[in-house]
J.: 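Sharing a structure, written as structure tokens. Questions coming.
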Amino acid sequence: MNRDKTVVVGLSGGVDSSVTAYLLKEQGYNVIGLFMKNWHDDSVTISNECPWLEDSNDAMIVAERLGIPFQTVDLSEQYKERIVDYMFNEYERGRTPNPDVLCNREIKFDVFMKIALDLGADYVATGHYCRKDTIIENGKEVYRLLAGKDSNKDQSYFLCQLSQEQLGKALFPIGDLLKPEVRQIAAENDLITAGKKDSQGLCFIGKVRLPDFLQQKLKPKEGVIVEVPLESSKYNKELPKFKNIEEELSFYSQKPQYQLSDGKIVGKHQGAHYFTKGQRKGLAVGGTTEPLFVIETDVSENIIYTGQGKAHPGLFRRTLFVNLDELHWVREDLALQINESLEVQARIRYRQPLQSATLHMVDGGLYVDFELPQSAITEGQFAAFYIGDELIGSGVIS
């Protein structure tokens, strides 16, 4: 039935995309394999490995084994413009971007998808652990983005910025499988990638060390590390009387504003923009009873504020805000109007277990109010909202 349908698979040289191509071929689709080259600058990849060459080679061998056409597309220019420049810009503002979410929205399901459709493809398929289905709402087709069946590998979060149009053209053939099943299919069909380790790099750049990468663009600048005590008066503010829910949400979404006098200087760092909230490694400060965690970075003053232990009150906040222009509904039909609210499950980072929360739409944006305070709510990262196992929308934490 799929014989006249063409699918372009983003073959990355990993096991997931290899099995994606195999399954589609089995289902009778006309399959084309495309490898995306997104990076040229070998000076920031980790010593003596040239990951993209090795990966594109593996992708080519898989395509040969499956008997499908294969080519490489060079998207490094678009990647630099849309992902790398954006990342540096965000870090300079003291925010922590998520390149993987962006790479899916801007590269795989935009630039890459356009290339695929120009090649005459009906769909683009990727090796993401997530599922899609279609329902009819008010007489029109609506696509739903669902969590992958393998809860250890569910990657719906990385696709939280996709639109209905992008979802309509997307296929996720391994979404109903568990990772071990995927490896088994690859092994049974002699795919060279069957035992290959999962890649841990920036989306498609390969094995890049983020600090080295950042240091190329963001110059080191020495500053101080301040430790804020647990019992700081910042954390026991008196609760005002709230006139309405919006005042209350605004209060709980405010983070403490720190200054040097709030703690003691315990060390030095090479640039506040290299650090992110909740980070423990790389501070190189010893002699504390419990390890120090970053609770705030001040890039304009170049100060890092830290606290002892992962229960430090400076790490926790109950409410976050998303600006209207950084809010995205996968399910446009469920978009909230001003003064509407919705109970959801939400996560503020990949692999975080889902947390109960209520969305409140106000003029200018959306409050996400969690039932329990959340650790290390980080500006620039994405908060994703779910109902059951369906991802309905997301936004950039402001």
J.: For T20, enumerate each residue passing the side chain to side chain contact (heavy atoms under 4.5 Å, CB included) test, keeping only those at least two apart in sequence or located in another chain.
T.: V9, L24, A125, P173, I174
J.: Supply the members, apart from L372, of the Ile/Leu/Val/Met/Phe/Trp/Tyr cluster built from side-chain contacts under 4.5 Å; use none for a lone residue.
T.: none
J.: Any ring-ring contact (aromatic ring centres under 6.0 Å, His included) involving residues 123-147? Give me the pairs, sequence neighbours left out, ordered by first then second residue.
T.: none
J.: How would you list, by chain and number, every residue that makes a side chain to side chain contact (heavy atoms under 4.5 Å, CB included) with D262, sequence neighbours excluded?
T.: K234, Y258, Q259
J.: Write out all pairs satisfying salt bridge (charged side-chain N to carboxylate O under 4.0 Å, His left out) with one or both partners inside residues 20-30, taking only residues at least two apart or from two chains.
T.: none
J.: What residues, two or more places apart in sequence or in another chain, satisfy side chain to side chain contact (heavy atoms under 4.5 Å, CB included) together with V362?
T.: E246, F321, Y367
J.: Would you list the pairs meeting ring-ring contact (aromatic ring centres under 6.0 Å, His included) in which at least one residue belongs to residues 339-366, sequence neighbours left out?
T.: F158-Y350
J.: Under 3.5 Å, sequence neighbours excluded: what are the donor-acceptor pairs made by side chains of residues 335-343?
T.:
residue: E340; atom: OE1; partner: Q337; partner atom: N; Å: 2.9

J.: As an exercise, state the distance from CZ of R95 to OH of Y91, rounded to the nearest 0.5 Å.
T.: 12.0 Å
J.: Which pairs count as salt bridge (charged side-chain N to carboxylate O under 4.0 Å, His left out) when at least one residue sits in residues 359-386, sequence neighbours excluded?
T.: K255-E379, K277-E379, R318-D369
J.: How would you list all residue pairs meeting salt bridge (charged side-chain N to carboxylate O under 4.0 Å, His left out) that involve residues 118-135, not counting sequence neighbours?
T.: R131-D389, D133-R144
J.: With no hydrogens and no angle check, just 3.5 Å: does a side-chain donor-acceptor pair link Q164 and E332?
T.: no
J.: Which donor-acceptor pairs under 3.5 Å do side chains of residues 298-309 form with protein atoms, sequence neighbours excluded?
T.:
residue: D298; atom: OD1; partner: S300; partner atom: N; Å: 3.1
residue: D298; atom: OD1; partner: S300; partner atom: OG; Å: 3.0
residue: D298; atom: OD1; partner: E301; partner atom: N; Å: 3.0
residue: N302; atom: OD1; partner: A272; partner atom: N; Å: 2.8
residue: N302; atom: ND2; partner: K221; partner atom: O; Å: 2.8
residue: N302; atom: ND2; partner: E222; partner atom: O; Å: 3.2
residue: Y305; atom: OH; partner: L260; partner atom: N; Å: 3.3
residue: T306; atom: OG1; partner: V226; partner atom: O; Å: 3.0
residue: Q308; atom: OE1; partner: T289; partner atom: N; Å: 3.4
residue: Q308; atom: OE1; partner: E290; partner atom: N; Å: 3.0
residue: Q308; atom: NE2; partner: E227; partner atom: OE2; Å: 3.0

J.: Looking at K153 and D16, does any basic side-chain N land under 4.0 Å from a carboxylate oxygen?
T.: no
J.: My understanding is that only residues two or more places apart in sequence, or in another chain, count here; which of them pass side chain to side chain contact (heavy atoms under 4.5 Å, CB included) with L230?
T.: H312, P313
